[in-house]
Every structure is written in C-alpha cells, then in structure tokens.
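What follows is one structure encoded as structure tokens, with my remarks underneath.
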Amino acid sequence: MTTRLPAFVHDGDTAAYYDQRAGEYDDWYTGHGRFATRDRPGWREAVAEIIALVGALPPARTLDVACGSGFLTRHLKGLVVGLDQSPAMAAVAQSRLPDGVAMVGDALSLPFPDGAFDRVLTGHFYGHLPADERARFLLEAERVAEGLLVIDSALREGVAAEQWQERILNDGSRHQVYKRYLTGPQLAAEIGGRVLLDGAWFVAAAH
C-alpha cells in the first residue's frame, strides 16, 4: 500500500490522521460507528479486561504516553498526566481527567525531568513504532519513570505481524498507518519485562 519508510511519532500524515480522528477514536473500543458491524468475538470482554488491569494498578505518579482520548487514562489512580501529540486528543483526554492533566508533547522527547514519575503507561502506541522509534521511546520511558506498562494489540492467526493499514474515517478520508501485532512473550522480551496479559485481542507487559 505504501513505499514510505515506517514512521509514527514524527510522521506528519499520521499526526494529522490522529488529530482528525479524535472525536471518533473511542468507536474502536466501544464498537460503534464503523466498528459496529465488525466480527470481533470476545472483544467487549477483552476491552473490559484491559480497563480492569489499568484500574487495578496502585495509585502512583503515572505518565500515560500517547494517551489518545483518555479512554484508559481515566481509570488510573493517583497523580495522572496524559501526553499526546494531537491537540484534539489531548483536549478530549483532559475532559476526562478532572483531577489530572492532559498535554501536547513529543513521546520521543518527553518534556519532564529524570525520575518525574513512578510509572509510564502506554496503550496502543508501542505497536505502531518502528525499531528506531521503539528504542528511543524505551530510553525516554526509563529516564522519566522507574516502571513501564505497555498494552497493545495481540498477534492473531491470519494477521500479518507487521503491516501498513488503510484507515478510513467517518468523513470517508483514507489514511495509511504503520502497525505491528505482538504476542505477550514478544512484548515482554522487547521491553525487558514480564507478561501481564496474553489474550486473544490484547497483550500487556510490565517492566
């Protein structure tokens, strides 16, 4: 579908896509809009499982990198900061964080001092990163926090582990986004951590 080199954080087209998608982003989680007719057996239960995982974390100073609409961020306890490169996403997230802060920033150059947080959380971000951006993100996460928790999409039978996807928004516009799918053990190995979840739809690992 594309001859572009894989990129995510610093890809202008990708940034524009997510900013444009902010108002409909949650449809993917909730099964509304374009996702209403998709055949995703066990999806609702899987989403509930990752919400429960995030909600069960002990209170801490948490930075949610690429927080998107704050769909998962709002379940965190303690001091919560959400960061996203999209102003539209950050605005939606802020509306869901009455006791927290959502801000615009670069996930590969986090605007925080060393050790500013107890943990970094990221959901459905790591799996979009090509190798160079993954390495930079992990270095930045380690710099600003002692712990890291990554939630992402599970590798399923019949799905290519690495691909460019065409994404269609409600206005009919088409966008290309780089995406990887992972197993729980693979994710844990990549971040140097342990598996928390190895499900049919989602995986999670903590370092």
Side-chain angles (χ1 to χ4, degrees), residues 8-9 15 18-19 21-22 25-26 28-30 46-129 133-154 182 184 187-199 201-207:
F8 190 77
V9 176
Y18 276 97
D19 203 53
R21 188 184 170 193
Y25 182 78
D26 286 1
W28 178 71
Y29 280 116
T30 62
V47 171
E49 188 172 22
I50 58 172
I51 289 174
L53 187 155
V54 171
L57 294 171
R61 295 172 301 160
T62 303
L63 172 64
D64 186 352
V65 175
C67 65
S69 66
F71 185 87
L72 294 177
T73 324
R74 59 186 169 177
H75 298 286
L76 290 163
K77 301 181 184 74
L79 186 153
V80 178
V81 176
L83 181 138
D84 202 279
Q85 69 177 353
S86 162
M89 287 286 196
V92 177
Q94 183 62 73
S95 72
R96 291 172 159 170
L97 299 175
D99 300 317
V101 175
M103 59 185 289
V104 176
D106 186 341
L108 305 188
S109 183
L110 295 172
F112 305 104
D114 296 359
F117 297 92
D118 301 312
R119 85 166 64 91
V120 166
L121 168 76
T122 189
H124 308 290
F125 169 70
Y126 181 83
H128 285 291
L129 303 179
E133 292 187 346
R134 290 199 300 274
R136 181 62 189 168
F137 166 68
L138 291 176
L139 285 173
E140 279 292 274
E142 184 177 10
R143 180 182 68 79
V144 302
E146 181 179 349
L148 171 65
L149 194 159
V150 178
I151 299 170
D152 225 293
S153 298
L182 305 124
L187 176 58
E190 289 190 9
I191 72 170
R194 67 187 189 283
V195 176
L196 296 183
L197 174 66
D198 192 15
W201 289 104
F202 304 117
V203 293
H207 171 73

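Taking all atoms of both residues into account, the shortest heavy-atom contact from L83 to P111 is CD1-CD, 3.6 Å. Nearest heavy-atom pair, A93 versus C67, reported as atom, atom and distance to 0.1 Å: CB-SG, 3.9 Å. Between V65 and A107 the shortest heavy-atom distance is CG1-CB, 3.4 Å. The shortest non-hydrogen separation linking L196 to A206 is CD1-CB, 3.7 Å. Minimum heavy-atom separation, V104 to A90: CG2-CB, 4.0 Å. Annotation for L97 and A102: closest pair CD1-CB, 4.3 Å, computed over non-hydrogen atoms.
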> Does the side-chain contact (heavy atoms from CB on, under 4.5 Å) test come out yes or no for L53 and F202, once each step is laid out?
Replying inline: CA-CA 11 Å; L53 187 155; F202 304 117; over 6 Å; no
> H124 and I151: side-chain contact (heavy atoms from CB on, under 4.5 Å), yes or no, with the steps?
Replying inline: CA-CA 6 Å; H124 308 290; I151 299 170; 4.1 Å; yes
> Could you go step by step and tell me if Y25 and V92 meet the side-chain contact (heavy atoms from CB on, under 4.5 Å) rule?
Replying inline: CA-CA 10 Å; Y25 182 78; V92 177; over 6 Å; no
>> Test side-chain contact (heavy atoms from CB on, under 4.5 Å) on V81 and F112; report intermediate values, then the result.
In response: CA-CA 11 Å; V81 176; F112 305 104; 4.0 Å; yes
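One finds the CG atom of L79 at 8.0 Å from the OG1 atom of T62 (value rounded to the nearest 0.5 Å). Here the CH2-OG1 distance, from W28 to T30, works out to 11.0 Å after rounding to the nearest 0.5 Å. In this structure, CZ on F125 lies 7.5 Å from CD on Q85, to the nearest 0.5 angstrom. Atom-to-atom distance recorded for H128:NE2 and S153:OG is 7.0 Å, nearest 0.5 angstrom. Taking CG of L187 as the reference point, atom CG of D198 lies at 9.5 Å (rounded to 0.5 Å). Residue Y29 holds its OH atom at 8.0 Å from CD1 of I51, rounded to the nearest 0.5 Å.
The aromatic rings of F71 and H75 lie perpendicular to each other, with more than 60° between the two planes, well past the 30° mark. The aromatic rings of F8 and Y18 sit perpendicular, their planes meeting at an angle over 60°, well past the 30° parallel limit.
For E190, the CD atom counts as densely surrounded, since its 6.0 Å shell holds more than 12 non-hydrogen atoms of other residues, nucleotides or ligands.
In this structure a side-chain-to-backbone donor-acceptor pair under 3.5 Å is present from R134 to L129. Formation of a donor-acceptor pair under 3.5 Å by the R119 side chain with backbone atoms of L149 is not found in this model. One N or O on the side chain of D84 and one on the backbone of G68 form a donor-acceptor pair closer than 3.5 Å. Checked by atom type and distance alone, the side chain of Q94 pairs as donor or acceptor with a backbone atom of G100 at under 3.5 Å.
Taking 4.5 Å as the limit, every side-chain heavy atom of V80 sits out of range of all side-chain heavy atoms of D99.
Using a 4.0 Å cut-off between charged nitrogen and carboxylate oxygen, E133 and R136 do not count as a salt-bridge pair.
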